[in-house]
Amino acid sequence: MHLLIMVYLMNKGLDHSNAFKIMETVRKKDKQLNSEQIKDMLDHNVPEYYIESCKKIKYMFPKGHATAYVIMALRVCYFKVYYPLEYYATFFTLRSDSFDIEAMSKGWDAVHERLTELYNRRASNNPELKLSKKEEDIIITLEVALEMYERGYKIENIDINKSQAFEFIINKENKSIIPPFRTIDGVGLTNSESFVKARKEKAFTSKDDILKRSGFSSTNVKALEHLGCLKGLDDTDQMSLFDFNF
């Protein structure tokens with residue numbers, strides 16, 4: 001409807017820019033038509049009833065926007081039903097910034113337990129138990145993770161040989177998704193990208209090697225160890241005489 005106002009005014013001979021500005025004034029309804037706009041319309045023989053109508057029109061949500069939102073919702077629903085792993089991998093990659101990856105990778109029970117804890121704290125009147133903004137965001141992430149588990153899909157642990165820096169990746173054989181390094185608390189995107197770059201050059205051979213080449217701090221490496229991601233890796237690459245059989 002609002003677009004018709006601009007087209008009509010342009011057909012009446014108004015400058016395209018002025019016609020657009022008048023349309024936007026009517027559409028947004030955050031201010032009234034000013035005297036210069038009204039004079040411009042009168043000078044181009046726009047009927048007074050039309051000008052008065054423009055003054056009275058209330059803001060209406062554009063039908064095109066409403067249609068676009070409905071179509072987008074249908075698309076999301078389609079992928080959620082027919083391409084669940086792709087949906088969840090995309091959701092966690094693009095829509096989530098806060099994670100409790102330890103709980104998420106341990107299964108339904110761990111996610112449910114962590115959610116219950118956060119729900120109880122949110123319902124409490126004790127100011128000392130008030131949730132932080134990050135914890136509020138984690139609730140949303142965990143709710144989606146719980147839904148994923150209930151549908152029969154899994155979230156794997158971080159894999160130092162497969163995990164990416166930013167995006168969740170799909171493991172269809174295991175009906176699961178693999179988290180990126182950025183989901184580790186205290187690990188930023190720059191560190192994550194550095195880790196993946198170093199891994200492409202050469203596989204990590206020890207915890208010491210990760211510390212030297214990955215860009216991870218000792219705290220980050222300890223976080224990996226705590227999550228159980230470094231099983232099978234020695235502390236260092238140094239060989240002992242006892243490693244040899246004479």
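For the numbers below, each heavy atom of this structure counts, side chains included, while hydrogens, waters and symmetry mates do not.
Note that CG of Leu85 is 9.5 Å distant from CG of Asn174, once rounded to the nearest 0.5 Å. Here the straight-line distance linking atom CG of Leu9 with atom CG of Asp15 works out to 11.0 Å at 0.5 Å rounding. In this structure, CD1 on Ile169 lies 6.0 Å from OG on Ser163, to the nearest 0.5 angstrom. Note that CD1 of Ile138 and NZ of Lys133 are 10.5 Å apart. Values are rounded to the nearest 0.5 Å. Rounding to the nearest 0.5 angstrom, the gap separating the OG atom in Ser35 from the CG atom in Asp40 is 11.0 Å. For the atom pair OG1 (Thr141) and CD1 (Ile101), the distance works out to 9.5 Å, reported to the nearest 0.5 Å.
No more than 12 heavy atoms of other residues, nucleotides or ligands lie within 6.0 Å of CG in Asp185, so this atom counts as exposed by the packing criterion. The neighbour count for Phe20 CZ, taken as heavy atoms of other residues, nucleotides or ligands under 6.0 Å away, does not exceed 12. The neighbour count for Tyr119 OH, taken as heavy atoms of other residues, nucleotides or ligands under 6.0 Å away, is above 12. Within 6.0 Å of the CD atom in Glu136, the count of heavy atoms belonging to other residues, nucleotides or ligands exceeds 12. Open room surrounds NZ on Lys21; 12 or fewer heavy atoms of other groups in view lie less than 6.0 Å from it. Around CZ of Phe79, the count of heavy atoms belonging to other residues, nucleotides or ligands within 6.0 Å does not exceed 12.
Side-chain N or O atoms of Arg122 include none that pairs as donor or acceptor with a backbone N or O of Leu131 at under 3.5 Å. For the pair Arg121 (side chain) and Leu129 (backbone), a donor-acceptor distance under 3.5 Å is present. At least one donor-acceptor pair closer than 3.5 Å links the side chain of Asn157 to the backbone N or O of Leu227. In this structure, the side chain of Asp234 does not engage the main chain of Thr236 through any donor-acceptor pair within 3.5 Å. Without hydrogens or angle criteria, Glu167 side chain to Ala165 main chain gives no donor-acceptor distance under 3.5 Å. Formation of a donor-acceptor pair under 3.5 Å by the Asn11 side chain with backbone atoms of Tyr8 is not found in this model. Remark: side-chain polar atoms of Tyr149 are paired, donor with acceptor, to backbone N or O of Met104 under 3.5 angstrom. Formation of a donor-acceptor pair under 3.5 Å by the Thr116 side chain with backbone atoms of His112 is found in this model. Between the Asn18 side chain and the Leu14 main chain, no donor and acceptor come within less than 3.5 Å of each other. For Arg213 (side chain) and Lys202 (main-chain N/O), a donor-acceptor pair under 3.5 Å exists by modelled atom type.
The shortest side-chain heavy-atom distance between Ile155 and Val111 does not fall under the 4.5 Å cut-off. In this structure the side chain of His226 reaches within 4.5 angstrom of the side chain of Glu102, judged on heavy atoms. Using a 4.5 Å cut-off on side-chain heavy atoms (C-beta onward), Ile184 and Asn220 make no contact. Val187 places none of its side-chain heavy atoms less than 4.5 Å from the side chain of Leu224. Side-chain atoms of Leu115 and Ile139, non-hydrogen and from C-beta on, do get closer than 4.5 Å to each other. Side-chain contact between Val144 and Arg95 is absent, with no heavy-atom pair separated by less than 4.5 Å. Looking at heavy atoms from C-beta onward, Ser192 lies out of side-chain contact with Phe166 at the 4.5 angstrom threshold. Within the 4.5 Å cutoff, side-chain heavy atoms of Glu147 are placed close to those of Lys80.
Connection of Tyr88 to Val81 is not established within any shared hydrophobic cluster, with ILVMFWY side chains joined at heavy-atom distances below 4.5 Å, either directly or through further cluster members. Both Trp108 and Tyr153 belong to a single network of hydrophobic side chains, linked directly or stepwise wherever heavy atoms of I, L, V, M, F, W or Y lie under 4.5 Å apart. In terms of hydrophobic clustering, with Ile, Leu, Val, Met, Phe, Trp and Tyr side chains grouped at heavy-atom distances under 4.5 Å, Ile170 and Ile178 are assigned to different clusters. Using a 4.5 Å cut-off between side-chain heavy atoms of Ile, Leu, Val, Met, Phe, Trp and Tyr, with links allowed through other members, Ile38 and Ile57 fall into the same hydrophobic cluster. Note on Val76 and Tyr69: separate hydrophobic clusters, where clusters join Ile, Leu, Val, Met, Phe, Trp and Tyr whose side-chain heavy atoms are under 4.5 Å apart, directly or indirectly.
Salt bridge Arg27/Glu24: present, at least one basic N to carboxylate O contact under 4.0 Å. The pair Lys172-Glu86 counts as a salt bridge, with a side-chain nitrogen and a carboxylate oxygen less than 4.0 angstrom apart. A salt bridge is absent between Glu225 and Lys222; no separation between the charged side-chain nitrogens and carboxylate oxygens falls under 4.0 Å. A salt bridge does not link Glu156 to Lys162: none of the charged nitrogens lies less than 4.0 Å from a carboxylate oxygen.
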Requested in this report: Kindly determine whether Phe92 and Met148 satisfy side chain to side chain contact (heavy atoms under 4.5 Å, CB included), including the steps that lead there.
Outcome: CA-CA 11 Å; Phe92 289 129; Met148 183 178 175; 4.1 Å; yes
Report task. Give the C-alpha distance, both sets of side-chain angles, the deciding distance and a yes or no for ring-ring contact (aromatic ring centres under 6.0 Å, His included) between Phe99 and Phe168. Result -> CA-CA 12 Å; Phe99 304 89; Phe168 283 73; 5.7 Å; yes
Query - side chain to side chain contact (heavy atoms under 4.5 Å, CB included) evaluation trace for Glu193 with Leu189 - result: CA-CA 6 Å; Glu193 291 173 339; Leu189 183 57; 3.8 Å; yes
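By the 30° and 60° cut-offs, the orientation of the rings of Tyr78 relative to Tyr82 is tilted. Classified by interplanar angle (parallel below 30°, tilted 30° to 60°, perpendicular above 60°), the ring pair Phe216/Phe181 is perpendicular.
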Pairs of donor and acceptor atoms involving the side chains of residues 46-55, under 3.5 Å and at least two apart or interchain, shall be tabulated with distances.
unit_1: Glu52; atom_1: OE2; unit_2: Lys55; atom_2: NZ; d: 3.3
unit_1: Ser53; atom_1: OG; unit_2: Tyr49; atom_2: O; d: 2.8

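For Phe195 and Phe204, the ring centers sit closer than 6.0 Å to each other.
Contact between Thr183 and Pro179 at its shortest, heavy atoms only, is OG1-CB, 3.8 Å. In terms of heavy atoms, Ser194 sits closest to Ser214 at OG-O, 2.8 Å. The minimum heavy-atom distance between Lys175 and Gly152, with the atom names listed, is CE-O, 4.0 Å. Annotation for Ile5 and Met23: closest pair CG2-CA, 4.3 Å, computed over non-hydrogen atoms.
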